[in-house]
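Below, read A as the first sequence line, B as the second, and so on, with proteins coming before strands; counting in each chain starts at 1. Side-chain atoms are counted along with the backbone in the values below, which use heavy atoms only and exclude waters and symmetry mates.
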Amino acid sequence: MNPVEFSFKSYPKPIDMPRPVIKATFTFNGKKDDLVCIIDSGADFTVIPKWMGEIMFGIDFKKSLASEEIIREYINLEKKDILIFIDKMLKSNPKAIPSPTECACGKVTNGFLFPIFIKLGDNQEIPIMVQWTEAKDISPLLGRIGIFNHFSSVTFNKKQSNGQFLP
Amino acid sequence: MINNNFEFFLDKDLSKYSGQWIAISGNHIIAAGNDGKIVVETATALCEGKERPLFARIPKENQTLIL
């Protein structure tokens with residue numbers, strides 16, 4: 001992997017809190033879209049509103065609902081093996097695993113886990129598991145699993161208003 | 001010189017889009033609004049046959065993000 005830089009942006013107003021943001025390209029089903037994501041090193045998964053999965057990538061979460069067997073396999077999975085699980089899912093017919101999201105504030109929202117590909121900087125696409133949430137109006141968040149695993153460190157340099165994923 | 005949609009996003013004062021979804025293409029905000037689906041559909045129609053726009057959700061003013 002090559003290093004990937006990201007920036008801090010104060011928004012909506014230029015006097016607001018600077019937030020670490022990155023452009024991520026998501027692909028699935030031959031469809032591709034660029035989203036601005038807030039980098040959230042505390043989030044297990046990348047989180048995107050479910051409606052975006054439906055209209056941007058044509059994911060039908062209800063029709064793709066995972067069988068009890070797959071759900072059990074995920075629940076009992078040693079999470080260190082999750083990359084193998086994601087890879088296996090993307091090589092077959094990906095399924096949606098019902099999964100609630102718990103926000104740091106304690107609010108729980110329903111959603112699904114469903115794998116997709118992501119491209120950061122000039123690197124190749126990598127498979128990740130996305131938490132597609134029923135929460136309609138949240139900024140897409142870039143979480144750890146499937147992304148941070150590919151880099152040796154992630155630095156946040158607030159003084160210089162930037163940061164890096166380092167190989 | 002701004003040469004891509006993400007640089008435009010970083011450079012632009014987005015105060016007036018607080019709480020909205022936006023779509024950026026060719027150094028312009030080509031669609032914005034509270035309903036993300038409408039923003040995506042509008043921007044998709046406007047960019048038909050061209051490069052896809054960059055989509056972003058702008059946080060509301062004076063809100064602390066607890067992620």
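B:I30 and B:L14 sit in two unconnected hydrophobic clusters of ILVMFWY residues. Membership requires side-chain heavy atoms under 4.5 Å apart, directly or through other members. The same ILVMFWY cluster, assembled from side-chain heavy atoms under 4.5 Å apart, contains both A:I128 and A:L77. When hydrophobic clusters are built by joining Ile, Leu, Val, Met, Phe, Trp and Tyr residues whose side-chain heavy atoms come closer than 4.5 Å, directly or via intermediates, A:I86 is grouped together with A:L65. Criterion: ILVMFWY side-chain heavy atoms under 4.5 Å apart, direct or through other members. Under it, A:I147 and A:F156 are part of a common hydrophobic cluster.
The CD1 atom of A:I15 lies 8.5 Å from the CD atom of B:E61; values are rounded to the nearest 0.5 Å. From A:I55, atom CD1 reaches atom NZ of B:K37 across 7.0 Å, with rounding to the nearest 0.5 Å.
Across A:D137 and B:W21, no two heavy atoms sit closer than the pair OD1-NE1, 2.9 Å. Nearest heavy-atom pair across B:P59 and A:R19 is CG-NH1, 3.5 Å. A:K23 approaches B:L54 most closely through the heavy-atom pair CG-CD1, 3.7 Å. Considering all non-hydrogen atoms of both residues, A:W51 and B:G36 come closest at CH2-C, 3.3 Å. When all heavy atoms of B:D13 and A:P12 are compared, the closest pair comes out as OD1-O, 3.6 Å.
Crowding of A:K32 atom NZ: a count of heavy atoms from other residues, nucleotides or ligands under 6.0 Å not exceeding 12. Heavy-atom contacts from other residues, nucleotides or ligands closer than 6.0 Å to NZ of A:K63 number 12 or fewer.
For A:D33, the part sitting under 4.5 Å from any heavy atom of chain B is the side chain, from C-beta outward, and nothing else. Looking at B:K60, the atoms closer than 4.5 Å to chain A (heavy atoms on both sides) all sit in the backbone: N, CA, C or O. With a 4.5 Å cut-off on non-hydrogen atoms, A:L35 touches chain B through its backbone and its side chain both. Using a 4.5 Å cut-off between heavy atoms, A:V21 touches chain B through backbone and side chain atoms alike. For A:S7, the part lying near chain B is the side chain, with the backbone staying farther off; criterion is any non-hydrogen pair under 4.5 Å.
Relative to the ring axis of B:F9, A:K9 places its NZ or CZ within 45° and under 6.0 Å from the centre.
Here the side chains of B:R52 and A:D34 are not in contact, with every heavy-atom distance at 4.5 Å or above.
For an aromatic pair to be called close, the ring centres must be under 6.0 Å apart, and A:Y11 with B:Y17 fails this.
Heavy-atom pairs under 4.5 Å with chain B were tallied for A:C37, A:S10, A:S139; the largest tally goes to A:S139. Considering only heavy-atom pairs separated by less than 4.5 Å from chain B, the leading option among A:I138, A:D16, A:V47 is A:I138. Annotation: maximal heavy-atom pairing with chain B below 4.5 Å, among A:I22, A:V36, A:T25, occurs at A:V36.
No donor-acceptor pair under 3.5 Å is formed between the side chain of A:K136 and the backbone N or O of B:D35.
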